[in-house]
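Structure first, commentary second.
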Amino acid sequence: MAKVVVMPKLGLTMTEGTVSKWLKKVGDEIKSGEPFFEVETDKLTNTIEANTDGVVRHFFVEEGTTVPVLDKVAIIAAADEDISALLGGAPAAAAAPEAPAAAAPAASAAPVRAPGERVVAAPAAKKLAKELGIDLALVPGTGPNGRITLDDVKNWKPAPAAEEAPKTKASPLAAAVAKDLGIDLDKIGAKDRVLAEDILRYLESTREKAPEEAPREEVVPMNGMRKAIAKNMLNSHMTSPTVTANLSVDMSAMKAYREQLKAKEIKVSYTDLLVKFIAKALTEFPLLNCSVEDNKIVYKHYVNMGVAVALDNGLVVPNVPDADKKSLTEISKEIKELAKLAREGGLPMEKLRGGTFTITNLGMYGIESFTPIINQPEVAILGVTTMEDRAVVRGGEIVIRPMMTLSLTFDHRVVDGSVAAEFLQRVKALLENPALMLA
């Protein structure tokens with residue numbers, strides 16, 4: 001039974017998707033569960049599997065086409081099944097095994113059909129003709145009712161052009177020079193007849209020029225993810241009046257704590273540690289962990305910590321649910337898995353929804369301070385910068401300490417500057433005194 005494949009709805013907010021790559025060709029056999037095509041949404045790329053057995057008979061869209069959800073993208077059917085009804089009445093060729101090659105049809109340079117007559121061809125024949133740059137209207141069809149088969153395209157050859165006498169008059173010298181140099185007299189463009197000096201001028205005008213300069217500008221359309229990021233960032237700026245507060249933290253104790261864990265063969269990153277410690281602080285400052293909906297403050301009695309992951313073509317923010325209740329090793333394992341899935345394009349949509357607070361880390365790039373943008377509908381986001389040795393004063397003496405600056409952007413509709421400052425001070429206290437996590 002023929003089946004129409006549609007653009008799947010991969011999440012509640014998804015309205016369209018882009019077919020970024022077909023993993024099968026028309027005429028290929030496919031089994032249920034086999035990868036069929038890749039869909040790029042505004043957040044990630046998913047591989048869509050076939051949900052029926054059969055032969056790929058037709059693509060409604062080409063790679064790179066954006067399609068509304070539930071719109072038709074392909075047809076899977078039996079090799080000899082009539083799918084014309086699914087194509088809107090247009091007859092379609094069955095993707096049957098190819099017959100032995102027939103004798104090549106006589107070459108023809110003239111159309112084999114009346115002007116405007118419909119050309120009926122097998123999908124594989126159309127594809128090959130497109131690849132070879134062959135006009136199907138010139139190919140005689142040997143299939144039923146004159147349908148063009150794959151072999152018809154393979155065996156077709158254009159008729160050699162008949163030699164014509166030169167249309168342009170030329171002096172004997174010009175004609176001899178043109179013949180020796182292989183110049184078409186019709187291209188010279190002389191008024192009456194071509195003279196030798198006309199050929200010289202023609203040669204001057206066609207002399208190879210220096211390579212042109214590369215274009216100074218290039219216009220590249222945004223892909224689905226980039227458009228979504230642009231939309232979300234603009235929406236965030238339009239929604240939240242924001243303020244960013246910066247605070248430096250002495251990471252000496254955290255470095256020592258991480259080394260102690262490493263000695264016990266517990267390998268965690270600073271991001272893992274920050275998720276654990278900041279989740280603890282958020283339980284004490286619920287206003288930083290809330291959202292705003294219709295002039296109402298929605299307090300969340302759980303911490304779903306979003307961790308920004310940079311991709312080649314954008315950014316996604318998967319979250320660690322209930323980070324406040326998980327151990328450090330659980331958090332570390334989950335963050336590694338989320339980052340791996342994000343970079344492979346296999347991140348489930350549910351991992352991108354429901355975040356309550358976000359951490360974004362640019363420390364690996366040497367950034368000392370920045371202004372992160374809130375991930376709506378959250379009310380705050382913490383930017384993490386590079387950790388570097390700085391000269392600081394401790395007990396009246398100048399000493400060198402590993403310092404890190406935290407940049408907190410908060411929604412001033414809900415969070416006042418004093419509350420944000422107290423939250424940062426609490427985070428600083430926890431990071432500089434890890435034993436407080438037990439208090």
Side-chain angles (χ1 to χ4, degrees), residues 9-17 41-44 68-69 224-245 274-276 278-309 314-326 331 334-335 338 342 347-360 370-384 406-424 426-427:
K9 188 174 178 66
L10 302 174
L12 293 175
T13 60
M14 179 179 170
T15 59
E16 62 183 19
T41 68
D42 58 357
K43 296 184 182 297
L44 49 95
V69 295
M225 180 177 290
R226 195 75 257 163
K227 285 191 289 187
I229 291 172
K231 180 180 177 181
N232 292 340
M233 295 301 97
L234 179 61
N235 175 59
S236 185
H237 264 301
M238 297 291 288
T239 302
S240 302
T242 59
V243 177
T244 300
L274 286 166
V275 168
K276 178 66 177 175
I278 291 167
K280 163 74 170 173
L282 287 170
T283 62
E284 302 172 19
F285 288 82
L287 206 53
L288 274 295
N289 193 54
C290 73
S291 63
V292 179
E293 297 177 15
D294 300 324
N295 292 322
K296 297 176 183 176
I297 300 174
V298 182
Y299 288 92
K300 312 291 176 68
H301 302 301
Y302 54 90
V303 177
N304 287 355
M305 187 71 75
V307 180
V309 178
L315 180 79
V316 291
V317 185
N319 66 77
V320 179
D322 297 314
D324 55 317
K325 299 178 179 67
K326 289 179 177 173
I331 289 171
E334 195 160 341
I335 289 175
L338 290 172
L347 199 60
M349 290 296 292
E350 60 266 21
K351 291 294 185 180
L352 296 168
R353 295 193 295 263
T356 61
F357 188 91
T358 297
I359 294 175
T360 177
F370 67 108
T371 306
I373 298 175
I374 293 173
N375 188 25
Q376 296 292 330
E378 299 166 17
V379 298
I381 181 171
L382 187 70
V384 179
L406 300 179
S407 300
L408 177 71
T409 297
F410 56 94
D411 186 341
H412 218 321
R413 293 177 304 168
V414 180
V415 182
D416 292 331
S418 59
V419 176
E422 289 172 8
F423 171 74
L424 277 176
R426 180 55 175 165
V427 171

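- A salt bridge links Lys351 and Glu334; the closest N-O separation between the charged side-chain nitrogens and carboxylate oxygens is under 4.0 Å.
- In this structure, Lys296 does not pair ionically with Asp294, as no charged nitrogen and carboxylate oxygen lie closer than 4.0 Å.
- With Lys280 contributing its side chain and Val275 its backbone, the two residues share no donor-acceptor pair below 3.5 Å.
- Residues Leu408 and Thr244 have side chains not in contact (no heavy-atom distance under 4.5 Å, counting atoms from C-beta outward).
- Residue Thr360 holds its OG1 atom at 5.5 Å from CD1 of Ile381, rounded to the nearest 0.5 Å.
- Screening residues 371-383 for side chain to side chain donor-acceptor pair (under 3.5 Å) gives Ser236-Gln376, Ser240-Gln376, Thr358-Glu378 as the qualifying pairs, with residues at least two apart or on separate chains.
- Between Cys290 and Val414 the shortest side-chain heavy-atom distance falls below 4.5 Å.
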Practice task
Report the C-alpha distance between Thr356 and Asn304 in whole Å, list the side-chain angles of each, state the deciding distance to 0.1 Å, and finish with yes or no for side-chain hydrogen bond (donor to acceptor under 3.5 Å, both in side chains).
Solution key: CA-CA 5 Å; Thr356 61; Asn304 287 355; 5.6 Å; no

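- Closest non-hydrogen pair, Arg426 versus Ala281, comes out as CG-CB, 4.3 Å.
- Under the 3.5 Å distance criterion, the side-chain polar atoms of Asp416 are left unmatched by any main-chain donor or acceptor of Ser418.
- If you take CD on Glu422 and CG on Leu288, they are separated by 10.0 Å, rounding to the nearest 0.5 Å.
- For Lys325, the NZ atom counts as densely surrounded, since its 6.0 Å shell holds more than 12 non-hydrogen atoms of other residues, nucleotides or ligands.
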Exercise for the section: Start with the C-alpha distance between Phe410 and His412, add both sets of side-chain angles, then the distance that settles ring-ring contact (aromatic ring centres under 6.0 Å, His included), and finish with yes or no. Expected result: CA-CA 6 Å; Phe410 56 94; His412 218 321; 5.7 Å; yes

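- For the atom pair Leu274 CG and Leu406 CG, the distance stands at 7.0 Å (nearest 0.5 Å).
- Within a 6.0 Å radius of NE2 in His237, no more than 12 heavy atoms belonging to other residues, nucleotides or ligands are found.
- No side-chain donor-acceptor contact under 3.5 Å links Thr242 and Thr409.
- A donor-acceptor distance shorter than 3.5 angstrom exists from the side chain of Asn289 to the backbone of Lys300, with no hydrogens or angles considered.
- To the nearest 0.5 Å, atoms CD1 (Ile331) and CG (Leu338) are separated by 11.5 Å.
- Between atom CD1 of residue Ile278 and atom CG of residue Leu424 there is a gap of 9.0 Å, rounded to the nearest 0.5 Å.
- Residues Val292 and Val379 meet the side-chain proximity criterion, which asks for heavy atoms closer than 4.5 Å.
- Between Thr15 and Val69, every side-chain heavy-atom pair lies at or beyond the 4.5 Å cut-off.
- Among all heavy-atom pairs drawn from Ser407 and Pro372, the shortest one is O-CG, 3.8 Å.
- Note that CG of Leu287 is 6.0 Å distant from CD1 of Ile297, once rounded to the nearest 0.5 Å.
- The two atoms that bring Ala342 and Val316 nearest to each other are CB-CG2, 3.8 Å, heavy atoms only.
- The shortest side-chain heavy-atom distance between Thr239 and Arg413 falls under the 4.5 Å cut-off.
- Looking at every heavy atom in both residues, Asn319 comes nearest to Gly355 through ND2-N, 3.7 Å.
- Leu282 is not listed as a side-chain neighbour of Asp324, based on a closest heavy-atom distance of 4.5 Å or more.
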